[in-house]
Amino acid sequence: MTYIITEACIGVKDRACVDVCPVDCIYEGDDQLYIHPDECIDCGACEPECPVTAIFPEEEVPDNMTAYIAKNKEAFNSPNPPGKPQR
Ligand code: SF4
């Protein structure tokens with residue numbers, strides 16, 4: 001299981017989640033932030049910090065946003081993977 005960042009993050013990238021993640025597994029892509037599925041320890045600290053409610057536990061991602069589960073995973077296998085968040 002992992003946490004997933006969904007559509008509401010696109011164009012927002014508030015980054016409040018980044019500050020609370022104990023394992024620094026939230027990365028920044030061009031369009032949104034991404035959680036590395038292998039590094040996330042499922043602590044849940046990021047979820048309430050998101051001002052646009054973009055973060056969900058994998059099994060609670062709303063039905064209309066389940067494509068983001070694959071998007072979060074595939075982002076890290078792309079030629080241009082998400083990097084350390086810019087402040
Ligand atoms: Fe980081 Fe915890 Fe959120 Fe996973 S659930 S991204 S470990 S703050």
Side-chain angles (χ1 to χ4, degrees):
M1 208 269 278
T2 182
Y3 277 64
I4 303 291
I5 301 180
T6 61
E7 188 170 29
C9 184
I10 293 177
V12 177
K13 298 201 289 190
D14 179 84
R15 303 181 184 85
C17 55
V18 173
D19 293 335
V20 300
C21 179
V23 293
D24 293 333
C25 70
I26 304 176
Y27 297 84
E28 181 170 348
D30 288 339
D31 55 347
Q32 66 165 90
L33 301 176
Y34 293 92
I35 294 173
H36 196 300
D38 298 330
E39 297 176 5
C40 174
I41 59 170
D42 304 332
C43 72
C46 55
E47 185 181 3
E49 296 300 319
C50 179
V52 294
T53 317
I55 306 174
F56 298 90
E58 183 171 347
E59 68 269 27
E60 292 177 21
V61 172
D63 287 345
N64 62 343
M65 284 188 276
T66 52
Y68 284 84
I69 297 172
K71 187 182 179 188
N72 269 253
K73 290 185 175 132
E74 288 165 5
F76 293 98
N77 294 322
S78 76
N80 182 28
K84 287 293 173 191
Q86 305 299 308
R87 303 304 302 213

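- Both Ile10 and Met65 sit in one connected hydrophobic cluster of ILVMFWY residues. Membership requires side-chain heavy atoms under 4.5 Å apart, directly or through other members.
- Taken to the nearest 0.5 Å, the CD atom of Glu7 stands 7.5 Å off from the CG atom of Asn64.
- You'll find the side chain of Thr6 reaches within 4.5 Å of the side chain of Val61, heavy atoms only.
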Run the side chain to side chain contact (heavy atoms under 4.5 Å, CB included) check on Ile5 and Gln32 step by step: do they pass? CA-CA 8 Å; Ile5 301 180; Gln32 66 165 90; 3.8 Å; yes

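- The two residues Cys46 and Val20 make their nearest non-hydrogen contact at CA-CG2, 3.8 Å.
- With values rounded to the nearest 0.5 angstrom, Ser78 atom OG is found 8.0 Å from Tyr34 atom OH.
- Thr2 and Pro37 get closest at one heavy-atom pair: OG1-CA, 3.6 Å.
- In this structure, Asp30 places its CG atom where only 12 or fewer heavy-atom neighbours from other residues, nucleotides or ligands lie under 6.0 Å away.
- Aromatic rings from Phe76 and Tyr27 are positioned such that their centres are separated by under 6.0 Å.
- Taken to the nearest 0.5 Å, the CG atom of Asp31 stands 4.0 Å off from the NZ atom of Lys71.
- A pairwise comparison of heavy atoms in Cys9 and Leu33 identifies SG-N, 3.3 Å as the closest pair.
- Of the possible donor and acceptor atoms, one in the side chain of Arg15 sits under 3.5 Å from a partner among the backbone N and O of Gln86.
- Counting only distance, with no hydrogens or angles, the side chain of Asn72 and the backbone of Ile35 share a donor-acceptor pair below 3.5 Å.
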Run the salt bridge (Lys or Arg N to Asp or Glu O under 4.0 Å) check on Glu58 and Lys73 step by step: do they pass? CA-CA 11 Å; Glu58 183 171 347; Lys73 290 185 175 132; 3.5 Å; yes

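- The minimum heavy-atom distance between Pro22 and Cys43, with the atom names listed, is CD-SG, 3.8 Å.
- What you find for Cys25 and Cys40 is that their closest heavy atoms are SG-CA, 3.6 Å.
- Cluster membership for Met1 and Tyr68, using ILVMFWY side-chain heavy atoms within less than 4.5 angstrom, is not shared.
- Nearest approach of Glu47 to Pro57, heavy atoms of both residues: OE2-CD, 3.8 Å.
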